[in-house]
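All remarks here apply to the structure that follows.
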Amino acid sequence: MTSSESTPSAGSSGGAAILDDLQARGLLARTTDADALRARLDEGPITLYCGFDPTAPSLHLGNLFPLLLLRRFQLFGHRPIVLAGGATGMIGDPGGRSDERNLLDDDALDANLAGILPQLEQFLDFDGPAAARLVDNRSWTANLSAIDFLRDVGKLVTVNQMVARDSVRTRMEGEHGISYTEFSYMLLQGNDYVELAQNADCELQVGGADQWGNIVLGVGMVRRRLGRTVHALTTPLLLRPDGAKYGKSAGGDTLWLSPELMSPYRFHQALLQSTDEEIPDLLNRLTFLPVDDIAAIMADHTQNPGARAAQRAFADAMTDLVHGEAATEAATEAASLLFTKASATHGLEVSERAFEQLSQELETSTVTAAALDAGITPEDLAVGSGIVASKSEARRLISGGGLSVNGRPLEADSITTTTSLAHGRYLLLRKGKKTHRLIIRSAD
RNA sequence: GGGUCGGUGCCCGAGUGGCCAAAGGGAACGGGCUGUAAACCCGUCGGCAUUGCCUUCGGAGGUUCAAAUCCUCCCCGGCCCA
């Protein structure tokens, strides 16, 4: 883990200090019996879990939220279990959806799991006294027969409880109804809790606020099955100013953690562009920076918002966490080349070395010497680089002054030839203020 | 099953034979102002093309010089009746 984490100070008394930290960060939505949970945490390390369904080949920033919650508990000495939902992922959580899910086939699911497992491992310590564990709920559901499931699991819940759930009711009243398959999802999740309580001494399940219903149902199942009281804790959903769930960038791109799906540079940029409005919450809820440090950063930011210290701190902290410090540095360096006034307006003065650097961070495309000799129209240049989707879009942007090459506006009648290249190789294409694409003359 | 209203561009929603690529709003994108922020102002917002062409108004046919608009059948949804 990186050094930017706060470690609980020696003075924080007992394991329940985690609750105070969560509270201070605005990370506490609801818990079952708060006093009982606090008392239990003070007795000593607890085992807790959170589930992640492999619905995509990579986690995104939204998924990171509960994963970091596990990490926070771990930092306070508690033992996290990461549950990869190989089984639940095959069914699909009906919550938050208006339509029936398309079931993932085995291959897609395996591919998704393969992508996610390393990410799940990345943020936790798997050694030491509070070592984390990674489990897949397929290991106890694969051989569960339908009859056993109905007898042992189905008996723990009444349909009345299940139907009362908002997510279910919405779907039942909606156009397409809800299949029995998705209806059963909460039983599987509840059964996970029973399983982990019984065989792993798990006493707490955490998750986002939208998981409250599922988790509490599991708490009840554990009580009926094992006669044991276990706990539930949820965090508020992280929402964008417009109310959408966090995880997408302003432009609508998903903030993938996988560098293949989103380059560290773009990841860093997307976070850097967070609004003032949301930045305090983001710092508190997503980073491990100590609460006091965050308060100091925000004070600076309020003094001089133009410096965007808070955004920088946030983008740096998250990129460190996800991609490592080297990636953060590279992204920052690339950004300073692209956004510093001097280099942004005088792209040709950017050193060759800097272009090499940029070629690592930006999306690039190539162009042949032959094409350059023939001359390239502005539309073809833009479309060919992939920065725009169509010639019409290119034309629109050009007439509005929205495209530039090597720091100069791209004129409608300009022809790009070899002489336009910077350092004989590079064309830095910019769309709007924030989108860049590097075109490199191919070696031939 | 019967009746009735409706299905329009990314979303909402006007349009009931030519002036419709289709009002208006939202989202999105670009410009301006800024701080790679918000708000605000301006512009663009189906595709190709240098005055034009092509594809679009649930689907398939039909009427007409001309249809999102009329007719037929079908599919889907709301409401009412059974």
Paired with [N]: which nucleotide, if any, by Watson-Crick or G-U wobble criteria at under 3.5 Å for both distances?
{"N": "B:U36", "answer": "none"}
{"N": "B:G24", "answer": "B:C12"}
{"N": "B:G77", "answer": "B:C5"}
{"N": "B:A49", "answer": "none"}
{"N": "B:G17", "answer": "none"}
{"N": "B:U72", "answer": "B:A60"}

With a cut-off of 3.5 Å and sequence neighbours excluded, list every side-chain donor-acceptor pair involving residues 396-403 of chain A.
{"unit_1": "A:Ser399", "atom_1": "OG", "unit_2": "A:Arg395", "atom_2": "O", "d": "3.4"}
{"unit_1": "A:Ser399", "atom_1": "OG", "unit_2": "A:Arg396", "atom_2": "O", "d": "2.9"}

Taking the [atom1] atom in each of [N] and [M], what is the distance between them to the nearest angstrom?
{"N": "B:G59", "M": "B:G6", "atom1": "C1'", "value": "16 Å"}
{"N": "B:C79", "M": "B:U63", "atom1": "C1'", "value": "32 Å"}
{"N": "B:U69", "M": "B:G31", "atom1": "C1'", "value": "38 Å"}
{"N": "B:U4", "M": "B:C71", "atom1": "P", "value": "14 Å"}
{"N": "B:A68", "M": "B:U16", "atom1": "P", "value": "14 Å"}
{"N": "B:A60", "M": "B:C45", "atom1": "P", "value": "28 Å"}
{"N": "B:C11", "M": "B:A28", "atom1": "C1'", "value": "11 Å"}
{"N": "B:G47", "M": "B:C42", "atom1": "P", "value": "24 Å"}

Is the side chain of A:Ser258 donor-acceptor paired with the backbone N or O of A:Glu260 at a distance under 3.5 Å, no angle test?
yes
Contact class for A:Ala307 (heavy atom, under 4.0 Å): base, sugar-phosphate, or nothing?
nothing
Contact class for A:Glu393 vs. all strands (heavy atom < 4.0 Å): base, sugar-phosphate, or nothing?
nothing
Starting from [atom2] on [N], measure out to [atom1] on [X] and report it in whole angstrom.
{"X": "A:Leu271", "N": "B:G35", "atom1": "CG", "atom2": "C1'", "value": "17 Å"}
{"X": "A:Gln269", "N": "B:G35", "atom1": "CD", "atom2": "P", "value": "17 Å"}
{"X": "A:Arg430", "N": "B:G31", "atom1": "CZ", "atom2": "P", "value": "7 Å"}

On RNA chain B, nearest-nucleotide positions of A:Thr332 versus A:Gly432: which is more 5'?
A:Gly432
Between A:Gly306 and A:Arg395, which is nearer to the 5' end of RNA chain B once each is assigned its nearest nucleotide?
A:Gly306
Out of B:A49, B:G35, B:C29, which nucleotide sits closest to the side chain of A:Leu397?
B:C29
Side chain of A:Ser390 - closest among B:G30, B:U36, B:G47
B:G47
Check whether any side-chain nitrogen or oxygen of A:Lys391 sits under 4.0 Å from OP1 or OP2 of B:A49, and answer yes or no.
yes
Considering all heavy atoms of both residues, which atom of A:Leu120 and which atom of A:Ala84 are nearest to each other, and what is their separation?
CD1-CB, 4.2 Å
Nearest heavy atoms of A:Ala130 and A:Pro80, plus distance in Å:
O-CD, 3.7 Å
Mind running a 4.0 Å heavy-atom check of residues 377-387 of chain A against RNA chain B and sending the residues that fall below it, in number order?
none
Is there any protein nitrogen or oxygen under 3.5 Å from a nitrogen or oxygen in nucleotides 37-45 of chain B, and what are the pairs?
{"unit_1": "B:A37", "atom_1": "OP1", "unit_2": "A:Lys434", "atom_2": "NZ", "d": "3.0"}
{"unit_1": "B:A37", "atom_1": "O4'", "unit_2": "A:Arg308", "atom_2": "NH1", "d": "3.4"}
{"unit_1": "B:U44", "atom_1": "O2'", "unit_2": "A:Arg396", "atom_2": "NE", "d": "3.3"}

Residue pairs involving residues 303-328 of chain A (criterion ring pair (Phe, Tyr, Trp, His ring centres under 6.0 Å); sequence neighbours excluded)
A:Phe267-A:His323
Sequence neighbours left out, what pairs pass side chain to side chain donor-acceptor pair (under 3.5 Å) with at least one residue falling in residues 304-319 of chain A?
A:His268-A:Asp316, A:Asp276-A:Gln311
Scan residues 111-120 of chain A for pairs that pass side chain to side chain donor-acceptor pair (under 3.5 Å), counting only residues two or more places apart or in two chains.
A:Ser58-A:Gln119
Tell me the salt bridge (Lys or Arg N to Asp or Glu O under 4.0 Å) pairs involving residues 280-296 of chain A, sequence neighbours left out?
A:Asp281-A:Arg285
Salt bridge (charged side-chain N to carboxylate O under 4.0 Å, His left out) partners for A:Asp110, two or more places apart:
A:Arg138
Can you list everything that forms a salt bridge (charged side-chain N to carboxylate O under 4.0 Å, His left out) with A:Lys434? Sequence neighbours excluded, please.
none
Which word best sums up how the rings of A:His423 and A:Tyr426 line up, parallel for under 30°, tilted for 30 to 60°, or perpendicular for over 60°?
perpendicular
